[in-house]
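Below is a structure I'd like to ask you about.
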Number of protein chains: 2
Amino acid sequence: MGLQTASNSPYRYQDSHLELDFVRKQASLDSHRLTLTRKEYDLLALLVENAGEIIPRPVLLQRVWGYSDEIRTRTLDVHVRRLRKKLGSYSEQYIETIFGIGYRFQPFRASQRFAGLGASPLAVGA
Amino acid sequence: MGLQTASNSPYRYQDSHLELDFVRKQASLDSHRLTLTRKEYDLLALLVENAGEIIPRPVLLQRVWGYSDEIRTRTLDVHVRRLRKKLGSYSEQYIETIFGIGYRFQPFRASQRFAGLGASPLAVGA
DNA sequence: GCGAACTTGTAAAAATTTTGTAAAAACGGG
DNA sequence: CCCGTTTTTACAAAATTTTTACAAGTTCGC
């Protein structure tokens with residue numbers, strides 16, 4: 001055995017709609033190639049690599065743009081918007097805005113169910 | 001491991017219009033001999049050998065010209081242009097510009113590719 | 001609930017970067 | 001020298017990125 005499927009390779013992300021190849025730096029949505037600019041890809045890749053986790057704005061600006069905390073810019077918002085556009089109807093589910101903090105990528109879930117009865121999905125610790 | 005169909009030798013590339021003989025270092029388009037200069041051939045051969053893969057500009061400049069990353073030159077662009085000219089009407093399909101990264105040779109296809117992400121070894125690393 | 005202060009969304013313009021192109025200059029073997 | 005090849009130059013065109021300006025949404029104190 002020892003077979004490693006594409007879906008659990010560390011060089012690749014895959015869910016039912018979105019696919020990312022971190023080596024070739026390419027993404028596809030529903031088996032259709034997504035044409036992303038460099039910055040768009042970098043941003044998406046960083047979010048996807050940390051799927052399920054909130055990435056604060058300063059961290060995104062640091063890791064994708066190399067910006068220190070002092071710089072005031074709206075380019076992150078604009079890039080998020082363009083990414084969402086290219087993600088089409090899934091964008092709302094994929095890229096989540098954490099107000100006052102940053103953004104979070106969530107893997108696709110077929111049924112947008114709330115996380116059971118006990119734990120609130122809003123418990124983000126911020 | 002890469003399958004090798006019987007019709008293809010590693011010393012030769014062939015699709016419905018373009019043919020390259022890596023041993024004789026000759027190319028032909030629609031069965032008509034292409035007269036390429038040495039650099040033109042080297043560039044085309046490198047692209048074709050990695051068909052379907054993006055080759056970053058620094059890699060092309062290194063492998064064809066021996067240039068290190070510091071050197072600023074436009075000779076790659078000029079050579080790509082001359083290659084495209086000699087490839088005639090197919091040039092747009094064959095040699096693709098990956099903005100901000102490099103170039104990619106695509107084998108001729110009557111209908112444009114639909115596939116998502118294929119697994120392939122050559123790293124982009126840009 | 002209301003409103004001020006702050007944050008994010010959005011569209012469009014502006015700025016920047018990258019590539020395309022033509023032509024001239026430089027190179028190099030014969 | 002010649003002549004074909006290669007490289008540089010200078011500018012145009014294209015693509016990307018950032019900024020700007022304002023709309024819309026959120027938080028929080030009162």
Side-chain angles (χ1 to χ4, degrees), chain A residues 25 27 34-47 54-89 91-105 122 124-126, chain B residues 25 27 34-47 54-89 91-105 124 126:
Chain A
K25 304 192 178 187
L34 267 184
T35 57
L36 302 175
T37 67
R38 275 181 303 172
K39 281 271 156 59
E40 283 168 1
Y41 172 83
D42 289 347
L43 176 58
L44 178 61
L46 181 52
L47 287 166
I54 298 171
I55 309 184
R57 293 178 65 96
V59 173
L60 291 168
L61 285 168
Q62 171 57 52
R63 304 257 323 254
V64 176
W65 282 269
Y67 286 178
S68 61
D69 290 10
E70 279 73 34
I71 298 178
R72 188 198 71 88
T73 179
R74 305 298 318 284
T75 196
L76 169 57
D77 305 80
V78 176
H79 277 269
V80 166
R81 161 161 170 71
R82 280 200 292 257
L83 261 185
R84 282 174 167 159
K85 255 186 175 172
K86 293 189 176 178
L87 289 175
S89 52
S91 64
E92 284 310 311
Q93 168 139 186
Y94 275 135
I95 300 184
E96 189 180 352
T97 302
I98 312 299
F99 191 92
I101 309 289
Y103 293 93
R104 171 170 55 187
F105 175 88
L122 301 177
V124 294
Chain B
K25 303 196 175 189
L34 268 184
T35 58
L36 301 175
T37 68
R38 195 173 56 84
K39 280 271 158 55
E40 285 168 1
Y41 172 83
D42 290 347
L43 176 57
L44 179 61
L46 182 51
L47 287 166
I54 298 170
I55 309 184
R57 294 177 66 96
V59 173
L60 291 168
L61 285 168
Q62 171 58 52
R63 304 254 326 250
V64 177
W65 282 268
Y67 286 178
S68 61
D69 290 10
E70 279 72 34
I71 297 178
R72 188 199 71 89
T73 179
R74 305 298 318 282
T75 195
L76 170 57
D77 305 79
V78 175
H79 277 268
V80 166
R81 163 164 167 71
R82 281 201 292 258
L83 262 184
R84 281 174 168 159
K85 256 186 174 172
K86 294 188 176 178
L87 289 176
S89 52
S91 64
E92 283 309 312
Q93 168 136 190
Y94 275 134
I95 301 184
E96 189 181 352
T97 302
I98 311 299
F99 193 94
I101 309 288
Y103 293 93
R104 172 169 54 189
F105 176 89
V124 171

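Residue numbering restarts at 1 for every chain, and letters A, B, ... go by the order of the sequence lines. Computed from a prediction, not measured in an experiment: that's the story for all the values here.
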Worksheet item: Which sits closer to the 5' end of DNA chain D, A:L36 or A:L76, going by the nucleotide each is nearest to?
Response: A:L36
Worksheet item: B:V80 near the nucleic acid: base, sugar-phosphate alone, or nothing, with a heavy-atom cut-off under 4.0 Å?
Response: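 Since no nucleic acid heavy atom lies under 4.0 Å of B:V80, the category is nothing.
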Worksheet item: Given atom CG of B:L61 and atom C1' of C:dT18, what is their separation to the nearest angstrom?
Response: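 In whole Å, C:dT18 C1' lies 14 Å from B:L61 CG.
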Worksheet entry | Closest nucleotide among C:dT7, C:dG9, C:dT21 to the A:R74 side chain |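 Closest of the options to the side chain of A:R74: C:dG9.
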Fill in: Interatomic distance where CD1 belongs to A:I101 and P belongs to D:dT27 [whole Å]
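Atom CD1 in A:I101 sits about 11 Å away from atom P in D:dT27.
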Worksheet item: Going by heavy atoms in the side chains, are A:L60 and A:L47 under 4.5 Å from each other?
Response: yes
Discussion item. Of the options D:dT5, D:dT18, C:dT7, whose atoms approach the side-chain atoms of A:F99 most closely?
Written reply: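 The answer is C:dT7.
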Item to complete: Round to a whole Å and report the spacing from OH of B:Y103 to P of C:dT18.
Response: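 That distance rounds to 13 Å.
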Worksheet item: Does A:R38 place a side-chain N or O at less than 4.0 Å from the phosphate oxygens OP1/OP2 of C:dT18?
Response: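 Result: yes.
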Worksheet item: Rounded to whole angstrom units, what separation is found between the CG atom of B:L60 and the P atom of C:dT18?
Response: 16 Å
Fill in: Nearest-Å distance for atom pair NZ/P, residues B:K86 and D:dT6
9 Å
Item to complete: Compare all side-chain heavy atoms of A:Y103 with those of A:T97 and state whether any distance is below 4.5 angstrom.
Response: yes
Worksheet item: Given D:dT7, is OP1 or OP2 found less than 4.0 Å from the side-chain N or O atoms of B:H79?
Response: yes
Worksheet item: Which heavy atom in B:T73 sits nearest to a heavy atom in B:R57, and how many Å separate them?
Response: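 Heavy atoms of B:T73 and B:R57 come nearest at O-NH2, 4.3 Å.
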Worksheet item: Tell me: CD1 of A:I98 to C1' of D:dG25, nearest whole Å?
Response: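 So the two atoms are 15 Å apart, to the nearest Å.
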Item to complete: Would you mind telling me which of D:dT8, D:dT20, C:dT19 lies closest to the side-chain atoms of B:V78?
Response: D:dT8
Discussion item. Once you apply a heavy-atom cut-off of 4.0 Å, does A:T75 come out as touching a base, just sugar-phosphate, or nothing?
Written reply: base
Discussion item. Angle between ring planes, B:F105 versus B:Y94, binned at 30° and 60°: parallel, tilted or perpendicular?
Written reply: parallel
Worksheet entry | Side-chain N,O (B:W65) to OP1/OP2 (D:dT6) below 4.0 Å |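 Looking at the OP1 and OP2 atoms of D:dT6, neither is under 4.0 Å from any side-chain N or O of B:W65.
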Item to complete: Assign A:R82 to base, sugar-phosphate, or nothing according to its heavy-atom contacts below 4.0 angstrom with the strands shown.
Response: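 Base contact.
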Fill in: Interatomic distance where NZ belongs to A:K39 and P belongs to D:dT19 [whole Å]
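Rounding to the nearest Å, NZ of A:K39 and P of D:dT19 are 10 Å apart.
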Practice prompt. Between A:R72 and A:T37, just flag the one whose closest nucleotide in DNA chain D comes earlier from the 5' side.
Written response: A:T37
Item to complete: May I have the distance from B:I95 (atom CD1) to C:dT19 (atom C1'), rounded to whole angstrom?
Response: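 Rounding to the nearest Å, CD1 of B:I95 and C1' of C:dT19 are 14 Å apart.
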Item to complete: Could you give me the CA-CA distance, side-chain angles and deciding distance for A:L76 and A:Y67, then say whether side chain to side chain contact (heavy atoms under 4.5 Å, CB included) is met?
Response: CA-CA 11 Å; A:L76 169 57; A:Y67 286 178; over 6 Å; no
Worksheet item: For C:dT7, does either OP1 or OP2 sit under 4.0 Å from a side-chain N or O belonging to A:T97?
Response: no
